Amino acid sequence: MLRRALQPSMCRCLSTRGLSARRGGSTLDWGGKVSEIKKKIRSALPGGSWDAPYDTSHLPPEHADVVIVGGGVIGLSVAYWLKRLEGRRGAIRVLVVERDHTYSQASSVLSVGGIRQQFSVPENIQLSLFSADFLRNINDYLAVVDDPPVDLQFNPSGYLLLASEKGAAVMESNVKVQRQEGAKVCLMSPEQLRNKFPWINTEGVALASYGMEDEGWFDPWSLLQGLRRKVQSMGVLFCQGEVTRFVSSSNRMEDASGEEVILKRIHEVHVKMDHSLEYQPVECAIVINTAGAWSGQIAELAGIGKGPPGTLQGTRLPVEPRKRYVYIWHCPQGPGLETPLVADTSGAYFRREGLGNNYLGSRSPTEEEEPDPGNLEVDHSFFQEKMWPHLARRVPAFETLEVRSAWAGYYDYNTFDQNGVVGPHPLVLNMYFATGFSGHGLQQAPAVGRAVAELVLKGSFQTINLSPFSFSRFYLGEKVQEASVS
Amino acid sequence: LSSPLPQSLCLVVPVWNSSTRGVHDLSRMVGPKGNQRKRRTLVQFLGDHFYDVQALREYFFRKQALKVQLENRSFLSIKNQYGPYITGAFFILKQGGAVKFQGEEWIRPSGRGHFSLDFLKFQAVPVEAVDASGCALNYNGLDNLLPLKELQSLWLQRCPHVDDWCLSHLHPLADSLQELSLAGCPRISERGLACLHHFQNLRRLDISDLPAVSNPSLIQILVEEMLPNCKVLGANWAQGLKLAPEEQARDAAGPVSA
């Protein structure tokens with residue numbers, strides 16, 4: 001035995017190459033171990049691989065616990081709640097990857113900024129109620145020591161939804177659900193409408209629902225900046241880059257009936273830098289898809305929807321960008337200071353903007369009229385032909401108006417049932433969704449952020465149960481649709 | 001002598017340059033550069049460099065907000081035992097305000113905050129007027145006042161936590177309220193004043209000295225249009241004239257006008 005122990009040391013003196021090539025059966029393998037240690041020491045010394053040869057501080061970190069794809073209001077809200085609900089200070093390392101730090105095409109900042117509780121799905125009402133509570137106490141949540149408080153410029157003027165004969169019954173049942181959940185909404189007859197808002201023409205209106213509290217509109221940019229500032233102070237890492245690839249591993253398993261199921265787990269996210277081919281693989285445990293209008297593309301990168309149609313593997317994330325126009329017009333004799341956000345029976349809606357008799361409004365086009373979402377160019381003929389006649393009919397003062405400006409933004413439109421997708425994917429185990437809100441993402445962002453953070457940290461929803469909004473409903477065909485009132 | 005550009009006009013472009021120190025700093029460049037070069041006090045300096053000091057500062061910061069919330073809790077046990085009028089009166093007296101029951105005199109706490117509990121016998125007597133001037137009243141605290149269905153006059157002068165949300169919360173009092181004073185509240189803006197249109201029985205409205213309102217004279221006109229039966233006390237018309245001589249003096253000391 002002594003001879004065997006001596007022999008490796010003698011051979012090491014003769015050659016520096018590892019001995020495992022010559023003596024494959026050695027249990028100690030001193031030669032291999034020593035060369036490994038030598039390699040490590042060499043890399044730790046200056047000039048080795050631990051010290052990158054160039055500056056990498058603009059790249060994201062190599063490891064993160066949670067990677068949030070998309071830094072809009074929903075992504076920042078998830079980051080905020082993850083940091084707020086973590087058990088220990090600094091327990092979770094969160095990285096927010098946002099492609100465009102100027103937010104030039106982000107839905108969050110191009111939004112009209114309204115918040116209402118007048119939905120028909122109870123979960124939507126609860127989400128909106130919590131978000132109103134969050135916005136009301138925003139400085140209790142988002143205040144940072146030494147920085148000025150967040151001013152959302154909230155207008156508590158409420159929403160006024162108008163219903164024709166056809167939609168009156170649906171509106172009544174909706175209001176009943178809303179009041180059950182705790183929203184302060186009241187029903188008004190055409191007579192009461194004329195008394196309260198004399199500038200409305202109540203022709204064709206059978207019933208109206210008016211939100212008295214917790215409804216109105218605010219400045220989405222202030223909310224975004226407030227969240228961003230707070231989230232940075234809590235230690236969330238930001239990166240400007242684009243997610244180009246997910247590196248994942250698959251596992252074949254069998255379900256109860258013996259059918260084969262392929263479960264995937266994402267291990268790395270490749271983040272590509274702007275105007276460059278440089279990318280950084282970020283090793284992560286959980287990926288949260290809050291990319292808004294582009295969530296469908298991110299889901300495709302993860303392999304969601306690549307499979308035979310009709311199976312769970314072949315079910316895509318049905319979220320796509322849809323362009324919506326917002327117009328600002330000036331009307332000197334228009335409705336006064338008390339004007340709520342009025343949503344007409346035709347789908348056109350408007351609200352006041354500022355003190356100078358300017359108004360802001362929009363309308364969702366029908367499926368046939370959907371504009372091309374390739375760019376954010378505004379089509380002014382849409383206002384002339386499809387919006388103005390309805391506005392002028394509902395508010396006679398709007399017959400003499402002058403369009404001042406317009407912009408366009410994207411809805412992260414859920415083509416399945418126009419409500420959000422929240423929760424993990426059944427097959428890609430560590431990808432969570434919080435997207436597809438189709439126009440009411442901003443008003444539900446604080447509550448959705450908390451729900452996703454609870455799901456990630458605790459494993460289940462604790463405050464608002466959003467299981468009706470899971471991904472599996474696309475495969476099972478269970479639509480959670482808003483009962484529209486028109 | 002040229003005056004330096006006001007700091008709010010410095011545009012900051014989030015580019016990589018020698019002064020950014022990595023991933024964190026790139027995204028911190030969202031505000032004017034001037035903010036980062038402000039002089040830091042000792043406590044702020046320590047807070048920047050030590051996690052413990054930072055946590056301690058955040059704790060004290062949050063404690064201030066918690067104090068206000070504690071003062072505005074809802075007194076359910078008192079409500080169940082004595083009814084809504086006594087609850088509202090007790091809440092206001094505890095905050096340091098004054099209360100007037102129908103047919104009685106004003107009840108005010110002493111300078112040190114003590115008040116007698118004689119009013120407990122007025123269980124069935126509605127509260128007519130509430131003077132909450134200077135009290136730390138907020139949205140949740142107003143819940144104690146909303147059951148006072150016969151409240152005719154409400155004075156919320158100089159309340160530091162009354163904001164636009166509180167004004168929208170007051171609509172249950174719309175039937176009875178005849179006098180409302182919001183003078184000097186720092187957080188009320190024209191957006192909150194827009195929800196006063198529910199108060200059609202209002203006869204006197206005081207909206208003077210609201211620092212957060214952008215165009216006081218225009219707002220007064222718009223509010224007068226919104227509430228035609230109400231006498232609105234608002235902007236002092238002479239206010240605009242008083243500022244002019246001061247502005248001229250400032251211009252003379254500054255740079256040559258363009």
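From a predicted model like this one, the values you see are computed outputs, not experimental measurements. Chain naming here is simple, since letters A, B, ... match the order of the sequence lines and numbering starts at 1 in each.
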Using non-hydrogen atoms only, which part of [X] is less than 4.5 Å away from chain B: side chain, backbone, both, or neither?
X        : result
A/Phe197 : side chain
A/Asp214 : both
A/Arg89  : side chain
A/Asp140 : side chain
A/Tyr210 : side chain

Taking side chain as everything from C-beta outward and backbone as N, CA, C, O, which of these in [X] sits under 4.5 Å from a heavy atom of chain A? Side chain, backbone, both or neither.
X        : answer
B/His169 : both
B/Glu58  : both
B/Leu66  : neither

Plane angle bin for B/Trp165 and A/Phe154 - parallel if under 30°, tilted between 30 and 60°, otherwise perpendicular: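 Parallel.
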More than 12 heavy atoms of other groups within 6.0 Å of B/Phe61 CZ: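 Count over threshold, so yes.
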- request: Answer with yes or no whether the side chains of B/Asp164 and A/Gln153 bring together a donor and an acceptor at under 3.5 Å.
  value: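 Short answer, no.
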Out of curiosity, [X] [atom1] to [Y] [atom2], how far, rounded to the nearest 0.5 Å?
X        : Y        : atom1 : atom2 : value
B/Leu167 : A/Glu213 : CG    : CD    : 11.0 Å
B/Gln200 : A/Asn195 : CD    : CG    : 10.0 Å
A/Leu355 : B/Ile219 : CG    : CD1   : 4.5 Å

- request: Please report the C-alpha distance between A/Leu337 and B/His197 in whole Å, then the side-chain angles of each, then the deciding distance to 0.1 Å, and finally whether the side-chain contact (heavy atoms from CB on, under 4.5 Å) criterion is met.
  value: CA-CA 9 Å; A/Leu337 202 59; B/His197 72 278; over 6 Å; no
